Every structure is written in C-alpha cells, then in structure tokens.
Amino acid sequence: MGYEIKRNCENVDWQAVSDLLKQVGMTHYPPAIHQKAFKASYSVVFILDNGKLAGMGRAISDGAYQAAFYDFAVSPDYQGKGLGRIILSAILADVPDCHVILYAAIGKEGYYETQGFRKMKTGMARFLNAEAMAKKGFTE
C-alpha cells in the first residue's frame, strides 16, 4: 500500500474535502468552513493516494473522557481496501481513554458495528436544518 497518511492540516486541498463529503452523500460546506472545523479538531487523519484525497476523518475531544467523530469518509473508489479501518484506528489511538460517539451515514451503521460501536438508545440531536435531517432519516 503506497498511501500517505497525513495527521495535520498543512497543505490540505479543502475543496477536495468538500467534494469528497458531497460525493459520499454527507453534509458538506464551502472549503473554508471545513478548514476551520478540521483545524479546530483534536485529531485529524487524511489518506492520500499520489496526492489525491482518498479518505479522511476527525475527532473533537476533551482528551480526558469524551470524543466525537465527524467527517469520516472514504472515496467510493477506495472503499473496501481497509482505509476506513486505518482512519478509525489512528483517531481512536489519539483518544484511548475516551467514550466515543458518532453518527453514521444512513445504511453504514453496520460498518461501525463491526468496529465495536453500538447503537445508542438515548441519542439526541439539535440540527440547524432539522427538517432536512429528518427527511434523510437521522431524526424522528
């Protein structure tokens, strides 16, 4: 495997970040918004293939006992090649003593279950665009 694993936000193509999230059907914003979010994160991982963004993820955390994972995406061209496990393992290693929460894309919950995650019964959300999130199936 000749992938580059990048653990910082230097020289990231933020347009590619936005494009990847859009490609996989996740919420995406203008590149500057993603740059702000990733730079403010506790842990970041980007996987590049000859300079092309293949996958990424980030966590926000207090570093003590709580963490939340966001923007976890692997390009469809690279899915099934173990990149998701690489990203997930790297971020989990950065928050070893933390409870971790995330919300999965609809239909991808099974992947996270294979990685040790379990569905929550008491999860609650307050989204800025509540109607759109309900239409997508994230909320009741």
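The structure presented is a predicted model; accordingly, all values stated were derived computationally and were not measured.
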Peer 1: In the hydrophobic clustering (ILVMFWY, side-chain contacts below 4.5 Å, transitive), which residues join Y65, or is it alone?
Peer 2: none
Peer 1: If every non-hydrogen atom of I87 is compared with every non-hydrogen atom of A73, which pair is closest and at what distance?
Peer 2: CD1-O, 4.3 Å
Peer 1: Show me the side-chain donor-acceptor pairs of residues 37-55 shorter than 3.5 Å, one per line, residues at least two apart or across chains.
Peer 2:
residue : atom : partner : partner atom : Å
S41     : OG   : A37     : O            : 2.8
S41     : OG   : R58     : NH1          : 2.8
S43     : OG   : R7      : NH2          : 3.1
S43     : OG   : D94     : OD2          : 2.5
D49     : OD2  : Y78     : OH           : 2.7

Peer 1: Give, for atom NZ of K81 and atom OG of S75, the distance between the pair rounded to the nearest 0.5 Å.
Peer 2: 9.5 Å
Peer 1: If every non-hydrogen atom of C98 is compared with every non-hydrogen atom of A64, which pair is closest and at what distance?
Peer 2: SG-C, 3.9 Å
Peer 1: Does I5 share a hydrophobic cluster with L92, counting links as ILVMFWY side-chain heavy atoms below 4.5 Å and allowing steps through other members?
Peer 2: yes
Peer 1: So, for Q66 and D62, which heavy atoms are closest and what is the spacing to 0.1 Å?
Peer 2: N-OD1, 3.0 Å
Peer 1: Check which hydrophobic residues are tied to I60 through side-chain heavy-atom contacts below 4.5 Å, counting indirect links as well, and list them.
Peer 2: Y70, Y103, I106, F127, M133, F138
Peer 1: Please table the atom pairs, donor to acceptor, closer than 3.5 Å between any side-chain atom in residues 14-30 and protein atoms at least two apart or in another chain.
Peer 2:
residue : atom : partner : partner atom : Å
W14     : NE1  : V12     : O            : 3.4
Q15     : NE2  : D19     : OD1          : 2.8
S18     : OG   : Y29     : O            : 2.7
H28     : ND1  : M26     : O            : 3.2

Peer 1: Please tabulate, one pair per line, all N/O donor-acceptor pairs under 3.5 Å involving side-chain atoms of residues 109-120, not counting sequence neighbours.
Peer 2:
residue : atom : partner : partner atom : Å
E109    : OE1  : G107    : N            : 3.0
Y111    : OH   : R85     : N            : 3.2
T114    : OG1  : Y111    : O            : 2.5
R118    : NH1  : E113    : O            : 3.1

Peer 1: So which heavy atom on F72 is nearest to which on L88, and how close?
Peer 2: CE1-N, 3.7 Å
Peer 1: Take atom NZ in K136; do more than 12 heavy atoms of anything else shown fall under 6.0 Å from it?
Peer 2: yes
Peer 1: Are V95 and L102 joined in one hydrophobic group, where the rule is that I, L, V, M, F, W and Y side chains link up if heavy atoms are under 4.5 Å apart?
Peer 2: yes
Peer 1: In chain order, what residues pass the side chain to side chain donor-acceptor pair (under 3.5 Å) check against Q35, with sequence neighbours excluded?
Peer 2: none
Peer 1: Looking only at non-hydrogen atoms, find the nearest pair between A125 and T139 and report the distance.
Peer 2: CB-CG2, 4.5 Å
Peer 1: If you count every heavy atom of other residues, nucleotides or ligands that lies below 6.0 Å from K6 atom NZ, does the total exceed 12?
Peer 2: yes
